[in-house]
Protein chains: 2
Amino acid sequence: MTTINDIAKLAEVSRSTVSRYLNSNGYVSEEAKKRIMKVIEETGYMPSQSAKSLRTKKTGVIGVILPKISTETASRVVSGINKVLQQNDYQMLLTTTSQEHKKEIEFIRLLQSRNVDGILLLATNTEKPLIDAIGNATVPIVALGQDIPTISSVIYPDYLATGEMIEYMIQKGYQHIGFIGVEEYDPAVGIERKRAFVDTLTKHQLKVNKDWIMQGDFSIESGYNSMKSIINSGSDRPDAVFAVTDQIAVGAMQFLKEQQIQIPNDIAIAATGASRLAQYIEPSLTVIDFLNEEAGAIAAELLIEELTGTKAIKKIIHDYRLLVRNSV
Amino acid sequence: MTTINDIAKLAEVSRSTVSRYLNSNGYVSEEAKKRIMKVIEETGYMPSQSAKSLRTKKTGVIGVILPKISTETASRVVSGINKVLQQNDYQMLLTTTSQEHKKEIEFIRLLQSRNVDGILLLATNTEKPLIDAIGNATVPIVALGQDIPTISSVIYPDYLATGEMIEYMIQKGYQHIGFIGVEEYDPAVGIERKRAFVDTLTKHQLKVNKDWIMQGDFSIESGYNSMKSIINSGSDRPDAVFAVTDQIAVGAMQFLKEQQIQIPNDIAIAATGASRLAQYIEPSLTVIDFLNEEAGAIAAELLIEELTGTKAIKKIIHDYRLLVRNSV
DNA sequence: TTATTTTAAGGAATCGATTCCATACTCTGC
DNA sequence: GCAGAGTATGGAATCGATTCCTTAAAATAA
């Protein structure tokens, strides 16, 4: 492999001069520039980033920690992150925890030893060990999807949006509303969305029926099984169900279809998450769209800001919209 | 930041000893080990990868070049790659060309300057500049999705699988089959799938109607517009259409539904790509499943093999299966 | 014409690891 | 009691860049 020394020798200058040329700082004569340029062209020389970052303490790499890559939400977020990073000449080192949320801590350490300039964390919890790991980090970390007190975060308005959706359902005349959620270690998805559901029903003096509140994981199967439990519970059927993700909703709809239960006439369904699947399934799903790609981009911008100066902790409550379709 | 020198000083040994301890090679006494361990524990020291890889010429990072991240196919492939890399203690540097296929060359260079140990290329063309860039590369590259002659490749059996699907449609009684494809710079998707279509019809003495052969891009909209053109073309309607991706098929189905054309009774639809959308759309889509996650894993394994010895060029024709559902 | 600034370029230290080599001590076995 | 093997450790060179400092020539000002 050609190094800066080879280039220096071939161009008959010192390696300091080559370095000055490469970084366009300091003085380099036109003659020298031409010779260096020519030699670089001929040899196809590319500076070693390892050497460079050993000196400069910058790698131009941002670490991204995801729970899972193969979901539409995740890939949209990554797409948004990628756009911004690429525009700013950063590369993305992607790691996934496969939903094992203790791994988030492990990866924060790992990424730092890889000398990333910053970390984007799509967090699934806000427990103490994680907060501690973040506190001990020597590089800026920005959270996406959870409000982590000690660092800048891009937060989805889970409570607000879910509340609005439930309001919309009530306004449409549904009075017996069920809920399919996930475990509560996840404050944003597990707790906030459920709290909004309960609060909104209560506000309208509607009964919160425990038999219609299910807790599963993020899978389609989980949605299917949860809906099955709701239907097979002793109590009456609900006339509407809110699912915390569109995947869960798809599973739930699947069960209803098998049982010949009409959506939305017998039971209406709403959810969070604007996947193409939610859009093209029948009936098309009424959902909250958290504009994930944009959220990813904003988080990346926030991180880059921190990398280039401003150290203030910023909290951005990201935008959302209701996509009213045919399932409610 | 703490360095190996700090550890050496604090543990009262030389930095050679610390290094030997870290890499568990050479002699280190139990006493020394304990002291070093303790100091590392206390300081939270993590060795600098930049320094390490400057010496060893290994970064433990694999570059991945994708056309686009936010498709289900891509994210499945990435998921498979990620699994294997993580098992082997490699990290993944992800880049996307946003479907600008000249960028593939740029990224091959960029990733090398980042000193990646190897590159996984989800190629969309096999043109000379790309082949040249691959030839000039100093790290192993494995291709996925296209057969690139000079390097190991994991290849989808595009011709075979498409042929089998068309056979299946013919066997089901369809005689007037249309085709929605993509541009032909992409040999695998653009050329092979079309060739299989034409060959299979010809083999069965069926007419290949030019009005029913469309060329678009990979989007849902493109599928919608292509189907519109087919229906609005002067000639009779086809009784079945094959789309080269499930996204395209979804768009095509959308148009048919709007026109109250029954699927599969009036027109049957088949495609390539086993997305969840294809599974849950109505009618559920009969597709070729190229088992993308597995393909990604195999490509990653192939690359790791090359990294640890064997230099032979391997070609793996990946498995596939037909998922017979309700759209044909 | 001399003093000062600007331009140009090389030398050497440095970043944080790894690794080869030399040195020294402790055991065995004869 | 001594040769030779095994164990333990430190010194120094090295990887490929950046960057500060010094020197020197050229350009400008006084």
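So you know, we letter chains A, B, ... as the sequences are listed, proteins then strands, and number each from 1.
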In whole angstroms, the gap separating P of C:dC27 from OH of B:Tyr27 amounts to 15 Å
Atom CD1 of B:Ile7 and atom C1' of C:dA17 are separated, to the nearest Å, by 13 Å
Rounding to the nearest 10°, end axes of the helix from C:dT1-D:dA30 to C:dC30-D:dG1 built from five pairs each make an angle of 40°
| So, for A:His318 and A:Phe290, is the gap between ring centers shorter than 6.0 Å? | no
Sugar-phosphate only, base, or nothing, as touched by B:Val28 at under 4.0 Å among non-hydrogen atoms: sugar-phosphate
Q.
Between B:Ile65 and B:Thr97, is there a side-chain heavy-atom distance shorter than 4.5 Å?
A. yes
D:dG16, OP1 or OP2 - any side-chain N/O from B:Lys57 closer than 4.0 Å? yes
In whole angstroms, the gap separating C1' of C:dA9 from CD of A:Glu30 amounts to 15 Å
When rounded to whole Å, the CZ to P distance for the pair B:Arg55 and D:dA12 reads 16 Å
message: What's B:Asn5 touching, base or sugar-phosphate or nothing? Going by heavy atoms closer than 4.0 Å.
response: nothing
Are B:Glu106 and B:Lys103 close enough for a salt bridge, meaning some N to O gap below 4.0 Å? no
In whole angstroms, the gap separating P of C:dA8 from CD of A:Glu31 amounts to 9 Å
Quiz prompt | A:Thr3 side-chain N/O to D:dG16 phosphate OP1/OP2 under 4.0 Å | solution = no
Side-chain contact check for B:Thr17: nearest option of D:dA17, C:dA12, D:dT9 is D:dT9
Query raised in the report: Distance check: side-chain N/O of A:Ser29 vs OP1/OP2 of C:dA9, anything under 4.0 Å?
Result: yes
Distance-only donor-acceptor check, side chains B:Lys315 and B:Ser153, under 3.5 Å | yes
Query raised in the report: Is the closest basic N to carboxylate O distance between B:Lys314 and B:Glu305 below 4.0 Å?
Result: yes
### Message
Any side-chain N or O of A:Ser19 below 4.0 angstrom from OP1/OP2 of D:dT18?
### Response
yes
Closest of C:dC15, D:dG10, D:dT19 to the A:Leu54 side chain is C:dC15
